[in-house]
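Right, one structure below, let's go through it.
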Amino acid sequence: MTKMLTVNIDTSGVDKNEAQEWVNELANVYADMEIEDVNVSGNKISFKAGFSGMDDTEPDDIKMKIEEYLTMNEAFQAKDVVVR
């Protein structure tokens with residue numbers, strides 16, 4: 001079973017389509033990452049994320065991958081990343 005955590009990214013404004021594509025690419029880059037329930041609204045991007053088959057994923061595990069991908073692919077400026 002995959003443990004899914006809620007991710008909220010605050011931005012300085014983002015194009016809805018670009019943000020959706022960024023989240024899809026995040027799942028492609030990290031093949032073991034599952035993404036669902038993507039929502040882009042104004043300055044917020046939210047989705048659920050987890051690692052395939054892992055039920056012991058911690059928020060810091062997901063946050064580390066997201067911050068790493070933000071460094072590689074700066075499609076937008078992230079002000080804050082919260083995973084719970």
Side-chain angles (χ1 to χ4, degrees):
M1 181 172 171
T2 301
K3 177 180 178 181
M4 301 298 279
L5 300 170
T6 302
V7 176
N8 291 301
I9 302 174
D10 290 326
T11 72
S12 57
V14 64
D15 175 86
K16 185 172 184 161
N17 292 331
E18 280 185 32
Q20 180 72 44
E21 184 62 30
W22 185 88
V23 175
N24 290 339
E25 282 299 312
L26 175 68
N28 290 335
V29 168
Y30 300 107
D32 60 342
M33 185 176 280
E34 295 181 20
I35 304 283
E36 59 186 40
D37 299 335
V38 179
N39 184 21
V40 180
S41 177
N43 294 341
K44 284 199 178 286
I45 302 168
S46 63
F47 55 93
K48 293 189 185 297
F51 295 111
S52 299
M54 293 183 63
D55 59 359
D56 62 348
T57 302
E58 294 297 322
D60 283 346
D61 299 330
I62 300 287
K63 186 173 182 176
M64 181 184 72
K65 294 292 187 189
I66 290 170
E67 289 177 344
E68 181 178 76
Y69 189 62
L70 278 167
T71 301
M72 292 188 297
N73 183 349
E74 293 185 43
F76 54 87
Q77 182 66 38
K79 292 182 176 180
D80 191 30
V81 177
V82 177
V83 182
R84 41 188 159 101

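Computed over heavy atoms, backbone and side chain alike; hydrogens, waters and symmetry mates excluded.
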State whether Lys3 and Asp56 are salt-bridged, where the test is any N-O pair (Lys NZ or Arg NE/NH1/NH2 against Asp/Glu carboxylate O) under 4.0 Å. no
Is [Y] close to [X] at the side-chain level, that is, under 4.5 Å between some pair of heavy atoms?
X	Y	answer
Thr6	Val83	no
Met33	Leu26	yes
Trp22	Leu70	yes
Phe76	Ile9	yes
Val29	Met72	yes
Val23	Ile45	yes
Thr57	Leu5	yes
Asn8	Asp10	no

From [X] atom [atom1] to [Y] atom [atom2], the distance as rounded to the nearest 0.5 Å:
X	Y	atom1	atom2	result
Lys65	Ile62	NZ	CD1	9.5 Å
Met4	Phe47	CE	CZ	9.5 Å
Asp15	Gln20	CG	CD	11.0 Å

Taking a hydrophobic cluster as the set of Ile, Leu, Val, Met, Phe, Trp and Tyr residues connected by side-chain heavy atoms closer than 4.5 Å, whether directly or through intermediates, do Val81 and Val38 fall within one such cluster? yes
Hey, mind stepping through Thr2 and Glu34 against side chain to side chain donor-acceptor pair (under 3.5 Å) and telling me if it holds? CA-CA 8 Å; Thr2 301; Glu34 295 181 20; 3.2 Å; yes
Report the residue from Asn39, Val7, Asp37 that forms a side chain to side chain contact (heavy atoms under 4.5 Å, CB included) with Ser46. Asn39
From CA spacing to verdict: side chain to side chain donor-acceptor pair (under 3.5 Å), Tyr30, Glu68: CA-CA 11 Å; Tyr30 300 107; Glu68 181 178 76; 2.4 Å; yes
